[in-house]
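Below is one structure, written out as C-alpha cells; the observations come after it.
To find a chain, count down the sequence lines: A is the first, B the second, and so on, and within it residues start at 1.
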2 protein chains.
Amino acid sequence: MKEQGIELAVSTVIFALRPHPRSGETALWLPLVRRIREPHVGRWALPGGPLQCDEELSASARHTLERTTGLTSNYLEQLYSFGAPDRSPQRVVSIVYWALVRADEAARAIDGENVEWFLADEVPELAFDHNTIVTYALNRLRGKITYSPIARFFLSPEFTLAELRAVHEAVLRKKIDPANFRRQALATKTLVPTGTVLTGTSHRPPALYRFQVNPTPERLRP
Amino acid sequence: MKEQGIELAVSTVIFALRPHPRSGETALWLPLVRRIREPHVGRWALPGGPLQCDEELSASARHTLERTTGLTSNYLEQLYSFGAPDRSPQRVVSIVYWALVRADEAARAIDGENVEWFLADEVPELAFDHNTIVTYALNRLRGKITYSPIARFFLSPEFTLAELRAVHEAVLRKKIDPANFRRQALATKTLVPTGTVLTGTSHRPPALYRFQVNPTPERLRP
DNA sequence: CCAAAAGTGTTTAGTGTACACCCATGC
DNA sequence: GCATGGGTGTACACTAAACACTTTTGG
C-alpha cells in the first residue's frame with residue numbers, strides 16, 4: 001500500500017491576448033518554459049513545479065504564474081489532474097490550473113531566459129502530455145467564455161463594448177455581430193456604464209463600461 | 001523544494017438510485033465508509049485510498065468502487081482535486097472521481113462491515129472536507145444530467161421513457177412534463193426504439209428503447 | 001459631405017413550456 | 001365503461017440570428 005515515488009506537481013496554463021505577428025489581429029498566447037532537466041530536456045513545457053508542503057494548490061499555481069511571467073492574474077481555476085503511470089520514468093501526477101492575464105499586463109511581462117510566449121493554436125510539440133493539456137484548456141476557455149462573463153479578466157477595469165467583443169472574437173476566432181453582442185452583454189445586467197465615453201477615435205465615441213462589483217445575490221433581493 | 005510528506009489519495013463519490021425509505025419514491029444514494037484510523041476515527045468518509053505506483057488515476061477510482069460496493073460502473077469521471085494544507089496533520093491531496101451505478105446492480109450491492117448507504121441529500125457530518133466534496137459532486141451531477149445523456153448509466157440497457165424520466169426527476173427532485181420530456185429525449189437522436197413494448201402494466205404498454213451504441217460522428221456523415 | 005464605428009429597431013426561425021386531447025391497456 | 005399512464009397536437013413566450021437603419025464623431 002506504499003505510494004512512494006509519486007511526485008505531485010502543479011502546472012498552469014496561462015492565457016493572454018496579444019496582437020498576432022502576421023495578421024495583427026488580437027490572438028491568444030501562452031508562455032512555455034524550456035526544460036533544462038531530463039526527461040525531455042530542451043522541449044517546451046507548461047510552467048509549474050512540485051507542490052510545497054504548506055501550500056494551497058491554487059497558491060502553487062499562482063506562484064508559478066508569478067515566477068515565470070512576473071504577472072498576477074485575476075482569474076485562476078483548476079482545470080484537471082493528469083497522471084498516467086507512463087508519463088515518465090519517475091511518475092508525476094500533475095494538478096493543472098488555468099489563468100487569464102490582462103492584455104495591458106501581458107504587454108509588460110518579463111520573458112525569462114527559458115520562457116517564451118507562443119500562439120495558443122500553434123504550440124510546438126511539448127514535453128510529457130502537455131499538448132493534450134493545452135488542448136483541454138483551450139476547449140475549457142472557449143466553452144466557458146460563451147456562458148460565463150470571464151472575458152472581463154482579459155480587460156482593464158473600464159472598457160468599451162467593442163473591446164469586450166474583440167476578446168470574444170479573439171478567443172473563439174470568429175466574427176460576432178456587434179448589434180446582437182451588445183444586447184446580450186447588456187442583458188446579463190453585469191455591465192455598468194461609467195457615464196463617460198472614449199474620445200480620440202475617428203468615429204462616434206463609444207461608451208465606457210465596468211463590470212458590476214457586487215451584484216446582489218438572488219436570495220437577498222426583495 | 002522537497003514535497004515529502006504529501007500523500008496522494010483517490011476518492012470516489014458513488015451515486016445510485018434506490019427507493020426512498022419514507023416516501024418510497026426513487027432517490028439518490030451514495031455509500032460511505034466508516035474510518036477506522038485517525039484522524040477522524042469513527043466518522044463517515046468517502047471511499048478511497050492511496051494511489052498505487054503503477055495505477056491510472058481512473059483505475060484507482062474504479063478499484064475503490066469495486067472494493068467498497070462489489071459493483072462496477074459504466075460511468076466514471078474526474079470531479080476535482082482537493083488539498084488544503086490543513087486537511088489533517090499528515091497532508092493529503094485527494095483526486096476525486098464520481099461514478100454512476102445502475103439501479104438493478106445497486107440493489108445487490110454488498111454492504112461491507114464499515115460501509116453504509118446514505119441519502120445523497122442527508123449525509124451526516126463527514127471526515128475531512130468530504131461534505132464539501134459531496135455537495136460539489138451533487139451539483140455536477142445535477143448540472144450534467146440536464147445537458148448530457150448520462151441518465152442512461154442509471155438504467156438497464158432497455159427502458160421506457162417513463163423510466164428515463166423518473167431518473168431525471170429523482171436526480172433533480174422535481175416533476176417533469178412527460179410530453180415535453182419525450183419530445184426532447186427523442187430529439188437527441190440517441191434513443192432507438194426496440195420495437196417491443198413492456199406488458200404487464202395496468203394501462204397502455206409503453207415502448208422500450210435502448211441508447212444508440214455508435215452514433216455516426218458528424219465528420220463521417222455524407 | 002464622407003467614412004466608420006456606435007447604437008437602435010425589426011423580422012424570422014427556433015426552442016422550451018404549459019396544457020388540451022386522444023390512445024391502448026387492465027380491471 | 002372507467003381509470004391510468006402512454007403518446008400527439010398546439011398555442012404562447014422567449015431567445016438567437018440576420019440585417020436594415022439612424023447617430024455621432026474625425027477628417
key: Spacing between A/Y147 atom OH and D/dA16 atom P, to the nearest angstrom   = 16 Å
query = Just by distance, do the side chain of B/Q184 and the backbone of B/F181 share a donor-acceptor pair under 3.5 Å?
reply = no
request  = Apply the test ring pair (Phe, Tyr, Trp, His ring centres under 6.0 Å) to residues A/F211 and A/F159: give CA-CA distance (whole Å), side-chain angles for both, the deciding distance (0.1 Å), then the verdict.
outcome  = CA-CA 9 Å; A/F211 269 94; A/F159 52 87; 5.3 Å; yes
query = Is any side-chain heavy atom of B/V13 less than 4.5 Å from a side-chain heavy atom of B/Y136?
reply = no
inquiry  = Applying a 4.0 Å non-hydrogen cut-off, can you work out what A/T160 is touching in the nucleic acid: base, sugar-phosphate, or nothing?
reply    = nothing
Closest-nucleotide 5' rank along DNA chain D - winner of B/L161 and A/H203 = B/L161
message = For a quick check of understanding: with a heavy-atom distance under 4.0 Å over all strands, which category does B/T199 fall into, base, sugar-phosphate or nothing?
response = nothing
ask   = Heavy atoms, side chains only, cut-off 4.5 Å: are A/Y80 and A/V96 in contact?
value = no
query = How many Å lie between CG on B/L198 and P on D/dG7, as a whole number?
reply = 10 Å
inquiry  = So does A/L208 get a backbone contact from the side chain of A/T194, meaning a donor-acceptor N/O pair under 3.5 Å?
reply    = yes
ask   = Rounded to the nearest Å, what distance is computed from the CZ atom of residue B/R204 to the C1' atom of nucleotide C/dC21?
value = 13 Å
query = Can you find a side-chain donor-acceptor pair between B/T12 and B/T64 that sits under 3.5 Å?
reply = no
query = Among residues 166-187 of chain B, which contact DNA chain C at a heavy-atom distance under 4.0 Å?
reply = B/D177, B/A179, B/N180, B/R183, B/Q184
